[in-house]
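Read through the structure below, which is laid out as C-alpha cells, and then see the notes.
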Amino acid sequence: MKVLVVGGGGREHALVWKIAQSPRVEEIYCAPGNAGIARQATCVNIGAEDIDALVRFAREEKIDLTVVGPEAPLTAGIVDAFTAEGLTIFGPTKKAAEIEGSKAFAKQLMEKYGIPTARYRTFANSDEAKEYIREIGAPVVVKADGLAAGKGVIVAQDVDTALQAVTDIMENKVFGDAGNRVVVEEYLEGEEVSILAFTDGRTVVPMVSSQDHKRVFDGDQGPNTGGMGAYSPAPVYTDEIARYVYDRILLPAVQGLAAEGRPYKGVLYAGLIITQDGPKVLEFNARFGDPETQAVLVRLESDLVEIMEAVIEERLHQVEIKWRPEAAVCVVMASGGYPGSYRKGFPIFGLDDVPEGTVVFHAGTAEKDGQIVTAGGRVLGVTALGPDIATAVRNAYAAVEKISFQDAHYRRDIGYRALRR
Ligand code: AMP
Ligand code: GLY
C-alpha cells in the first residue's frame, strides 16, 4: 500500500520510520518532509496546511492511507476534506480536533464530563479577564483560546505578568484570532506526563507514558520551546495513576466527545500534571506529541499501520498492541538561539557515525549541494533505547557527541526527573 505522511518535523520522521517497517507498505510519501525523511520516503513539496493540494495529490497518487502529524491541518478540517473525497485518513475530524483547537471548548467538555482539571473561567472581554485576575491573584495561568504554535500559555508568577498577557493576547492580538477569548486558570503544581492514546471513538488504548522537557536550558530554566527532549516510560506514571487516568480522563473524554456529536478517531494526547490531589489535565492535543512520539514509537513493537487501520475501521478492540520493555530517550539538538532567532544552513557532521541502535530523527534539516544542513530551530532528535532510563540516556548522549554543527545547543539533563527517583 501507499502511505502519505503530512508534516515535516521530528514527529513525522518517527512516523515515517515506523510506518516503513510495516510489511504492508510499499511506498511512503511525506509532505513536505525534511532531509532525513527523504532517506525513507519520497518528499513532496506541499505544505502541511495546503489541504486542497494534499487532497489532489492523494487522489492522483492513489494513496491508501494518509497520516497527519501537526494540529493545524487537523483543526482546519483535513480529515473531513479527505473523507469527503473517499480517501482514507488517520486523525480526528475538525469538530473532534476542537479539543485542541479551542481551550475554552476543552475546558467546557472537561467540566461537563467531570474530568479533573484546573479551575478556570473563559473570557471574551479583556477588562473582565483582568478584573478576575486581580480578584484571584497570582500565580495564575493565562491561555489564548486558539492555536498559537505552543506559545499561547503564560504561566504568570505575579499579577502584572498575567494582566500583560491578557493585553497582549486580547488587545494586541499577538496570536491573531486565537486570542478572541482567553482561559484564565488556577496554577497547578506537580510533575507533568504525556499520555498519548489510540482511539476509534469507543475503544481507548493508551500508549506507554512519556515526559517532554519544554524549557530550553538544563534544570528547566529559560523560555518554553516546542520540546528539547523526551523519555519513556515516565516513572511518575504508576499503574495506579494509569488506571485512574484511563477511567477518569481518557474514557470520559472520548465518550463525552461522542455524546457531543464529535466522535473522535486518531491519537488523543492528554497533557497531565500529577498534583497532590491526583492527576489533572493541562491540555488535550488532537495528535501525536513532538518530541514524545520519537521516544514512544521506538518502543512500539506492533505494526503501526495495522493499528491505524483498526482505528479508522472502528475495530481497535480487536488489535493487540505490544511494546518493547526497554526505555527510550530522545535528545533534541537545536540551533543556537532557539526558541528566539537563530541562523540556518550550517552543515551537520557525524550523522552516520552514531552507534548502532540509535536513531537520529530529523526535524529542521534540508539538503544543500549534497550536504545535510540545519534548517529549523529544532534540528535533530537523537533517540536511543536501553534496559533502563539511565542506560538509554547514556546511549543517546553517546550518539549526540558524534554529531556536530555550528552553534548546536542541547540540554545535558534529559531524563533527570526519572533518574532522580
Ligand atoms: P499547555 O499548552 O496548556 O499544555 O501549557 C503549556 C505548559 O504550560 C504546560 O506544559 C505546563 O508546563 C504549563 N501549564 C499549563 N497550564 C498550567 C496550569 N494550570 N498550572 C501550571 N502550569 C501550567
Ligand atoms: N510536546 C508537546 C506537544 O507536542 O504539544
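The structure presented is a predicted model; accordingly, all values stated were derived computationally and were not measured. Just follow the structure's listing: the first ligand is 1, and inside any ligand the first atom is 1.
In this structure, R394 forms no cation-pi arrangement with Y397, as its terminal cationic atom is not both closer than 6.0 Å to the ring centre and no more than 45° off the ring axis. Taking the ring centre of F288 as origin, the terminal cationic atom of R11 falls outside the region bounded by 6.0 Å and 45° from the ring axis.
The main-chain N or O of A310 is never found under 3.5 Å from a side-chain atom of E313 such that the two would form a donor-acceptor pair. Remark: the backbone N or O of G227 is paired with a side-chain donor or acceptor of R378 at under 3.5 angstrom. Between the side chain of T75 and the main chain of A72, a donor-acceptor pair closer than 3.5 Å is present.
Taking a cut-off of under 4.0 Å to the non-hydrogen atoms of E283, the atoms of ligand 1 that pass are 1 (P), 2 (O), 3 (O), 4 (O). Atoms of ligand 1 lying under 4.0 Å from any heavy atom of K103, numbered from 1 in the order shown and given with element: 2 (O), 3 (O). Distances below 4.0 Å separate heavy atoms of G289 from the following atoms of ligand 2: 4 (O). The ligand atoms of ligand 1 that sit less than 4.0 angstrom from a heavy atom of Y187 are 20 (N), 21 (C). Atoms of ligand 1 lying under 4.0 Å from at least one heavy atom of E192, given by number and element, are 9 (C), 10 (O), 11 (C), 12 (O). Close contacts of ligand 1 with K214, meaning ligand atoms under 4.0 Å from a residue heavy atom, involve 10 (O). Listed by number with element, the atoms of ligand 1 under 4.0 angstrom from any heavy atom of E185 are 16 (N), 17 (C), 18 (C), 19 (N). Short contacts between ligand 1 and K143, defined as distances under 4.0 Å to a heavy atom of the residue, involve ligand atoms 3 (O), 15 (C), 16 (N).
Among all heavy-atom pairs drawn from A58 and F82, the shortest one is CB-CE2, 3.6 Å. Minimum interatomic distance between P291 and C330 (heavy atoms only, all atoms of both residues): CB-SG, 4.3 Å.
Only the backbone of E186 comes within 4.0 Å of ligand 1, counting heavy atoms alone; no side-chain atom from C-beta on gets that close. Residue contacts with ligand 1 for V155 involve side-chain atoms from C-beta outward but no N, CA, C or O (heavy atoms, distance under 4.0 Å). When heavy-atom distances to ligand 2 are checked against a 4.0 Å cut-off, R287 comes that close only through its side chain, counted from C-beta outward.
Atom 8 (O) of ligand 1 has V153 CG1, 3.5 Å as its closest protein atom, hydrogens excluded (heavy atom only). Counting only heavy atoms of the protein, atom 21 (C) of ligand 1 lies nearest to L188 O, 3.2 Å. For atom 17 (C) of ligand 1, the closest heavy atom belonging to the protein is L282 CD2, 3.4 Å.
Using a 4.5 Å heavy-atom threshold, the side chains of Q108 and S102 count as separate.
The shell of residues lying under 4.0 angstrom from ligand 2, judged by heavy atoms, includes Y269.
Distances between N or O atoms of N224 and those of ligand 1 include no value under 3.5 Å. On a distance-only criterion, R11 and ligand 2 share no N/O pair closer than 3.5 Å.
Less than 6.0 angstrom separates the ring centroid of F123 from the ring centroid of Y132.
With a 6.0 Å radius and a threshold of 12 heavy atoms from other residues, nucleotides or ligands, D177 has its CG atom at or below the threshold.
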* To do: Verify ring-ring contact (aromatic ring centres under 6.0 Å, His included) between H409 and Y342, making sure each step is shown before the conclusion.
  => CA-CA 11 Å; H409 165 69; Y342 53 83; over 10 Å; no
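Remark: among candidates T225, D212, T293, N285, the nearest residue to atom 1 (N) of ligand 2 is D212, based on non-hydrogen atoms.
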